Amino acid sequence: MKLIIAIVQNADRNNLTEALRRAKLGHTRLNTVGGFLSQGNTTFVIGVSEDRVDEALAVIHDHCHTREVLHRPGHGALHPDAYVSPAHVQVGGATIFIIDADHRQL
Ligand code: 2BA
């Protein structure tokens, strides 16, 4: 058993949820916040047998897109007197971690 942890943009979460349902891939969706942008994102926790990992990754790949967002650190991001200019940051498609899992249903 593998546990896929996929951090995706909120804009992709509904399409990804539908696609995982269609593929009958069980999952849990968590509301999360990225440490760099401090913006909401969504973390999917997907438990799959090893032989379905590639299928699950393909579904994620097909439904999560790369986007540019404007990062506005502003005053005080590094030092109270410092102003850091806004900059475009590329986010996504998805940040993936895959870990070995031992699944029990109690
Ligand atoms: P955030 O931490 O809000 O990061 C959003 C985007 O900002 C990142 O997109 C990356 O392009 C950029 N970024 C992050 N840290 C940066 C830094 N120190 N300097 C310059 N740019 C930086 P993604 O790489 O696609 O990451 C999207 C989200 O995935 C992240 O949101 C975070 O929630 C999660 N994530 C990424 N790497 C992670 C990691 N190693 N561990 C846990 N979560 C991670």
Side-chain angles (χ1 to χ4, degrees):
M1 189 88 185
K2 296 282 187 184
L3 196 63
I4 300 173
I5 299 171
I7 304 158
V8 313
Q9 294 168 78
N10 285 345
D12 293 322
R13 71 179 166 197
N14 290 340
N15 286 342
L16 180 57
T17 298
E18 283 308 312
L20 290 170
R21 279 191 191 134
R22 279 197 300 274
K24 298 197 179 350
L25 287 160
H27 61 277
T28 296
R29 211 168 86 168
L30 307 168
N31 292 327
T32 45
V33 175
F36 185 68
L37 295 176
S38 290
Q39 290 180 3
N41 53 25
T42 302
T43 298
F44 286 79
V45 180
I46 309 164
V48 284
S49 55
E50 292 204 37
D51 61 332
R52 296 197 73 195
V53 169
D54 288 344
E55 177 190 352
L57 294 180
V59 171
I60 296 167
H61 179 264
D62 288 349
H63 294 86
C64 296
H65 305 289
T66 301
R67 296 182 184 85
E68 281 209 340
V69 302
L70 192 59
H71 178 41
R72 297 175 180 275
H75 283 283
L78 298 175
H79 183 276
D81 299 330
Y83 176 77
V84 182
S85 303
H88 283 95
V89 172
Q90 186 172 298
V91 186
T95 299
I96 307 279
F97 300 93
I98 303 174
I99 54 182
D100 291 323
D102 183 10
H103 178 218
R104 311 277 169 94
Q105 196 84 40
L106 300 177

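In this chain, numbering begins with 1 at the start of the sequence shown. Order of appearance sets the numbers: ligands from 1, and atoms from 1 within every ligand. Because the structure is predicted, anything quoted here is derived from the model rather than measured.
- At distances below 3.5 Å, not a single donor-acceptor pair connects side-chain atoms of Q9 with backbone N or O atoms of C64.
- Looking only at side-chain heavy atoms (C-beta outward), V59 and R52 stay at 4.5 Å or farther from each other.
- For ligand 1, the protein residues within 4.0 angstrom (heavy atoms only) are I7, G34, G35, F36, L37, N41, V89, Q90, V91, G92, T95, F97.
- Annotation: side chain to side chain donor-acceptor pair (under 3.5 Å) contacts of Q39 (sequence neighbours excluded): none.
- Test I4, I46, I5, V8 against I96 for side chain to side chain contact (heavy atoms under 4.5 Å, CB included) and you get one pass: I4.
- Grouping Ile, Leu, Val, Met, Phe, Trp and Tyr residues whose side-chain heavy atoms lie under 4.5 Å apart, directly or via other members, leaves L70 alone, with no other cluster members.
- Residue pairs that meet the salt bridge (Lys or Arg N to Asp or Glu O under 4.0 Å) test with at least one member in residues 63-73, sequence neighbours left out, are D12-R67.
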